[in-house]
Amino acid sequence: MKEDHRDHRSVRWIENLVRDFRYGMGGLARDPGFAVVAIGLLALGIGANSAMFSIVDAVLLKPLPFAEPERMVRLLESTPSGNNGTTTLTFLDWKRQEDLFEAVSVENSTKAALATGGDPIRVPGKLVSADYFQVFGVKPRIGRTFASGDDQPGAAPVVLLSNAFWRTQFAGDPGILKRDLVLDGEAHRIIGVLPAGSFDRDEAVFWKPQIFARDQMNRGQHWLAPLARLRPGVSIEQARAKMTMSRASLNGVIYQKDWGFTVEPFAQSLVGDTLRRSIYLAFGAVFMVLLIACANVANLMLAQGTTRRKEMAVRAALGASRGRLIAQLLTESFVFSLLGGAAGVALGALLLHAVAPLVAARLPFTADLSMDLRVLGFAATAVMAVLIMTGLLPSLRTSFGSLSTALNQASRGSSGSSAAIRRAIVIGEVAASVVLICGAALLFKSLARLQEVDAGVRIDRVLTMYLNLPSSAYPTPQSAAAFYDRLVQRLQAVPGVEQASVAQGLPLQIVQWGEYMTFPGVQQPLLVRLKFVDPWYFRTLQIPVEAGRGIEYKDRANASPVVVINQEVARYLSKTLGIANPVGRTVGLDVAGYGPIPESLVHPQIVGVIRSERTSGLNVPPEMVAYVPLSQSPKQYIKLVLRTLSAPAATIPAIREAVRQIDPNLPLGDVMTMEQVKDQSMLWERQPTWVVGAFAVVAALMAALGLYGVLAHAVT
């Protein structure tokens, strides 16, 4: 009577579900081999996908962790070859577009020597205009952010700290606003601490106001990439249309008439095409591994179902319906799918913990890699998908057909249709693994070819370091040039150093400074990248001079200005302007000054042509670069480039001591060999390749396991 009453109330399915769940757990305990293999396969597939989804979600799917992120945009100038930065005066024009933007700001990375109790250390930071944190809609944890007057010439030096830096460097001192931070020998009043979160993942640990010098107030240097917050009710399309209309008023001061302005979502600007492709590629690889894992488990279930045909026939003879049998088998599938999902989430957390330090530096600072509720929801969805893929077909196959004949069978052999299904599944596994293996082979082939690309320089036994000359200690270009001379002479005397030089940038790293080179009688100017180097740069990196001469020691500040061009510039001049021999030609070039010294138009003479070096990575063709003597245009941010006689690491202590003898307040930063610089430039080519390669091997092993299972079952 109780059973009839329960049937009428339609709740007996709960009792059946609990009973089937217990039976499923007992079945796994009775067959531990099947349990370990099935749960292990699912854990690998779900764990890898959960970890990868965390990256996809954090980088591509989640909205930015700021107030109304859809109103945050990046402002750029558009050119026929793509988007470009803008100039200081154009940025100030955009700030006056108050009907479009609530706030407009810029940011530039910097590094500074931080005074500590011992030797100074170099810390990364950012120079930003006053509206920067208004664009992000961020309020400080302590103190205030920048005010409108903090980024004006003559303002008192102030600084903001990240929450993580405040806790590690100052032990979370609540009285931090009463203290100063000495950067590059200058005391900065600490006015605030940012909240914990995204800015703790930024490379910068401090933020200073960006104060424009007189030499930066022009429309020639395209060095800024402003970000802005749209006013409420203003769409990106409306802002883009208004910016396009305002272009006409600036055409008189823009060299290129076909340049324009563009507005793009800030979230889009954070993720480049290379990063997006790499993430999709890696996610596709791990998803195929999950499919292969599901196929293997389904094969195991089909094999197990074949041996349970008599059991299902007995249950049917005792009154069980087809639906009841399918429900039982699906519940049993749900048991190991659930266990596999739980193990997968744990494995995914371990994978994410191991991978996060390796990729965090290359991901946007807004990306928070964690196993949050969104990732757990994805894992739960994956478990349900696995249940359908691994449990439905075996359940239907086991419970359907003629069950009565199974009671009369003495043999445990597989039916022809069951064997055909299992063979089809294995064929699919092998096909998927072959796709991954072929893709990985192509990626490794491309990576091998990329490594063989000639960088235009010899990078073996080359050591590089970063130096920043503070304005307080080196206020004039003459003092900076004198420091270069003393430094190179001292480094040349270090045991183990074959050649030393100073430059503003390194090979395989983007040259940020771009200027227009003009030619007498030619209306169209040529946009070139400017690289400031000393006379020993070409010799240190063994860059041959193809025509004329290189930069020499006589090219000093009081000498006639000169410039050296690379083969790409010479090829353009020959092909486009008909200048077969550019050596000896005088050109016009805007060269930035030093500190408060304004930019000046000089007319250097082309004295030589050198072999082109790769400046934006091995996967980018050589760019048009002009080399200016560092002594004629000194810079505060420089790189030391040294060729050593033996292993570069052995000379680092002596080099540090040599720099300390000249100026004990100058810490060295970014100490790397050129081999490491090359590896960094190829990071997004190497990491996806190894990820796909690793999962291709896993897929091949899984396919082999599936094939082994089919053959073993057939033999049994």
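Residue numbers start at 1 and run along the sequence shown. Given the structure is predicted, the values throughout are model-derived calculations rather than measurements.
- Residues Leu668 and Arg656 have side chains in contact (heavy-atom distance under 4.5 Å, counting atoms from C-beta outward).
- Counting heavy atoms from C-beta on, the side chains of Val263 and Leu75 come closer than 4.5 Å.
- Residues Val462 and Arg643 form a side-chain contact, since some pair of their non-hydrogen atoms from C-beta on lies under 4.5 Å apart.
- Remark: Arg585 CZ is loosely packed, at most 12 non-hydrogen atoms of other residues, nucleotides or ligands lying under 6.0 Å away.
- Here the closest heavy-atom approach between residue Ser633 and residue Val591 is recorded as OG-CG1, 3.1 Å.
- The two atoms that bring Gln632 and Ser560 nearest to each other are NE2-O, 3.1 Å, heavy atoms only.
- The side-chain heavy atoms of Ser612 and Val625, taken from C-beta on, include no pair separated by under 4.5 Å.
- Under the 3.5 Å distance criterion, the side-chain polar atoms of Ser105 are left unmatched by any main-chain donor or acceptor of Leu227.
- Pairing each heavy atom of Leu224 with each of Thr88, the nearest pair is CD1-CA, 3.8 Å.
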*Between Glu675 and Lys678, is a salt bridge (charged side-chain N to carboxylate O under 4.0 Å, His left out) present by the stated rule, with each step listed?*
CA-CA 5 Å; Glu675 294 284 355; Lys678 178 182 176 181; 5.2 Å; no
*Output, in order, the C-alpha distance, side-chain angles, deciding distance and verdict of side-chain contact (heavy atoms from CB on, under 4.5 Å) for Leu76 and Thr86.*
CA-CA 6 Å; Leu76 298 166; Thr86 191; over 6 Å; no
_CA sep, side-chain torsions, deciding dist, call: Arg539, Ser501, side-chain contact (heavy atoms from CB on, under 4.5 Å)_ = CA-CA 9 Å; Arg539 192 183 311 167; Ser501 64; over 6 Å; no
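- A donor-acceptor pair under 3.5 Å is formed between the side chain of Arg611 and the backbone N or O of Gly456.
- The nearest pair of heavy atoms linking Glu498 to Gln492 is O-OE1, 3.8 Å.
- Checked against a 6.0 Å centroid threshold, the rings of Tyr484 and Tyr474 do not count as neighbours.
- In this structure, CE in Met624 is found 12.0 Å from CG in Leu530, a value given to the nearest 0.5 Å.
- In this structure, Asp670 and Lys111 have side chains that are in contact, with non-hydrogen atoms separated by less than 4.5 Å.
- Salt bridge present: Asp555 and Arg549 bring a charged side-chain N and a carboxylate O closer than 4.0 Å.
- In this pair, Phe266 and Phe136 present their aromatic rings perpendicular. The plane angle is above 60°, beyond the 30 to 60° band.
- Interatomic distance, Arg74 CZ to Gln268 CD, rounded to the nearest 0.5 Å: 11.5 Å.
- Ring geometry for Trp690 against Phe444 counts as perpendicular: the plane angle is over 60°, on a 0 to 90° scale with 30° as the lower cut.
- Just one of Asp202, Val106, Asn108 meets the side chain to side chain contact (heavy atoms under 4.5 Å, CB included) condition when paired with Lys126; it is Asp202.
- Within the model, atoms CD1 of Ile551 and CZ of Phe538 stand 4.5 Å from one another, a figure rounded to the nearest 0.5 Å.
- Taking 4.0 Å as the cut-off between side-chain N and carboxylate O, Asp485 and Arg556 count as a salt-bridged pair.
- Closest heavy-atom contact between Pro507 and Lys531: N-NZ, 3.8 Å.
- Between Asp131 and Val104, the closest side-chain pair of non-hydrogen atoms is not below 4.5 Å.
- For the atom pair CG (Leu618) and CD (Gln451), the distance works out to 8.5 Å, reported to the nearest 0.5 Å.
- Under the rule for a side chain to side chain donor-acceptor pair (under 3.5 Å), the partners of Ser198 that lie at least two apart in sequence or sit in another chain are Arg201.
- The closest side-chain heavy-atom distance from Trp207 to Glu107 is not below 4.5 Å.
- Considering CD1 of Ile279 and CG of Leu60, their distance stands at 4.5 Å, rounded to 0.5 Å.
- No more than 12 heavy atoms of other residues, nucleotides or ligands shown are found within 6.0 angstrom of CD on Glu203.
- Nearest approach of Lys208 to Phe206, heavy atoms of both residues: CD-CE1, 3.6 Å.
- Looking at Leu526 and Thr576, their side chains never come closer than 4.5 Å, going by heavy atoms from C-beta outward.
- Rounding to the nearest 0.5 Å places CE of Met517 at 7.5 Å from CG of Leu573.
- Between Glu452 and Arg449 there is no salt bridge, since no side-chain nitrogen of the basic residue lies less than 4.0 Å from a carboxylate oxygen of the acidic one.
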